[in-house]
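Order of listing sets the numbers, starting from 1, for every ligand and every atom in it.
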Amino acid sequence: MKYLFSTIIYLSVVQIVFSQKKYNPNYDESKVPQFNITNPLVTFDGEKINSTAEWYQIRRPELYTFFEESVYGKIPEKIDELNFETIEQSEYAINNKASRKQVKITISKNNKSISYTVLIYLPKGKTKAPIFLSTNFRGNHTINADPNIILTDAWVPNTKELGITDHKAQESSRGTRTHRWPVEKIIDGGFGLATIYYGEIDPDKNDFTDGIHNLFYREGQKKPKPNEWGSITAWAFALSKTLDYFETDPAIDEKRTIVFGHSRLGKTSLWAGASDDRFAGVISNDSGCGGATLSKRKFGETIAIINNAFPHWFSDTFNKYIENESALPVDQHELLALIAPRPLYVASAQDDKWADPKGEFLSAHYASAVYNLFEKEGVSSTKMPIVNEPIQNTVAYHIRTGKHDVTDFDWEQYIKWAKKYIE
Ligand code: GTR
């Protein structure tokens, strides 16, 4: 028995060392492989795209289908029903500057259902304000100390510093993420803010039985098919369904909804924006691999590393490109291009090498060819801007000092840019 245990421990250590060795990230610019940037304006068959009509009819659909079938995975079928229920509301929130509303959204399919709650703050005295919509990491109650935000009863990751040890949200975690969510600043800027907890749609773990995917299974099915949705598509889908709710609420300007996300949730906001053109603008904050950054640079996190660590985020078909990036007929700049001509903001942080800031910047640059086709200004230079000096056109980019996070600086730029570009 003792021997068996030590063998298991030995093998696990070997496995960890092996996988770390195998998938060591590269941080040396001189070791970035030579690669071709695929042209978003040339079809897979080599045809040049000359007009916005050709973009919409020919190129965009083939690119979208590729990302849908081979990266994030497609939604198997339409849902049966969508219901909204306002469960709490007040005219006095955020120092009396905002109204607050909490709406339960229920998605039903095959006599099964899943619910999540959207928390909405709207600036007072403004009819129909533009609104930022985002998924959050630890529950709506973590974004602000507001005692009226309903605590999630969904699975949450155990987090020592938040006092969570049994996967249940605690009062002690209320307001613990306020530094990422300057609600008052957003309200003062004339914008609304809405957020949903991503774990209520699909808990962020490699288990496809506990989230929305389960509603769509045929008998005996335990996980989606290889080209079907991973968690990122599920989270993005919930953002779209939230927009369906916005369309029913006269207080919200659903036509000026900017989808925002940080990190894995930045990957989610990009995919949501590409999948649903009702989003008026898209912001990716430090989204990195599988988000804004170019996969073929293989700098920082790679397709191998991400699929190894988070096998549930993407469709299984994406595994084909593990240590095989050169076989990809696209790169992530073409995901960004799918958002054109709508305003797009890509942001990086200087110390966030894992997300490859240069790859995020170049991706915004190469996507700009499609924006130019629409006579919109993108990121024209191939030279990265100075740190903390944003480029703000229809495509915007900044790299700020500091680590992987969302800061006041980031929000100040988003507000300024959105005021100008989200008309
Ligand atoms: C990391 C992951 C990144 C990023 C990040 C996050 O562990 O490797 O791709 O998504 O998590 O979401 O915070």
| said: Tell me the protein heavy atom at minimum distance from atom 12 (O) of ligand 1, and give that distance in Å. | reply: Arg264 NE, 2.5 Å
| said: Need the ligand 1 atom indices (1-based, order shown) with element for anything under 4.0 Å from a heavy-atom of Ile306. | reply: 9 (O)
| note | In ligand 1, the atoms that come under 4.0 Å of a heavy atom of Phe310 are 2 (C), 7 (O), 8 (O)
| message | Could you tell me, atom by atom, which parts of ligand 1 come under 4.0 Å of a heavy atom of Ser263? | response | 4 (C), 5 (C), 6 (C), 10 (O), 12 (O), 13 (O)
| message | Please report whether ligand 1 has a polar contact with Glu301, defined as an N or O pair separated by less than 3.5 Å (distance criterion only). | response | yes
| request: May I ask you to decide if Thr293's main-chain N or O and Ser363's side chain share a donor-acceptor pair within less than 3.5 Å? | output: no
| query | Should the pair Arg180 and Phe137 be classed as cation-pi, given the thresholds of under 6.0 Å to the six-membered ring centre and 45° from the axis? | reply | yes
| Backbone N or O of Gln102 within a donor-acceptor pair of the Thr117 side chain at under 3.5 Å? | no
| Quick one: does Lys267 get within less than 4.0 Å of ligand 1, heavy atoms only? | yes
| task | Indicate yes or no for a side-chain donor-acceptor contact from Asp286 to the backbone of Asp405 under 3.5 Å, with no hydrogens or angles considered. | result | yes
| request: Just jot down the ligand 1 atoms closer than 4.0 angstrom to any heavy atom of Trp354, in number order. | output: 1 (C), 2 (C), 3 (C), 8 (O)
| said: To the nearest 0.5 Å, what is the distance between CH2 on Trp313 and OH on Tyr72? | reply: 11.5 Å
| said: When you compare the side chains of Asn285 and Tyr414, does any donor N or O come within less than 3.5 Å of an acceptor on the partner? | reply: yes
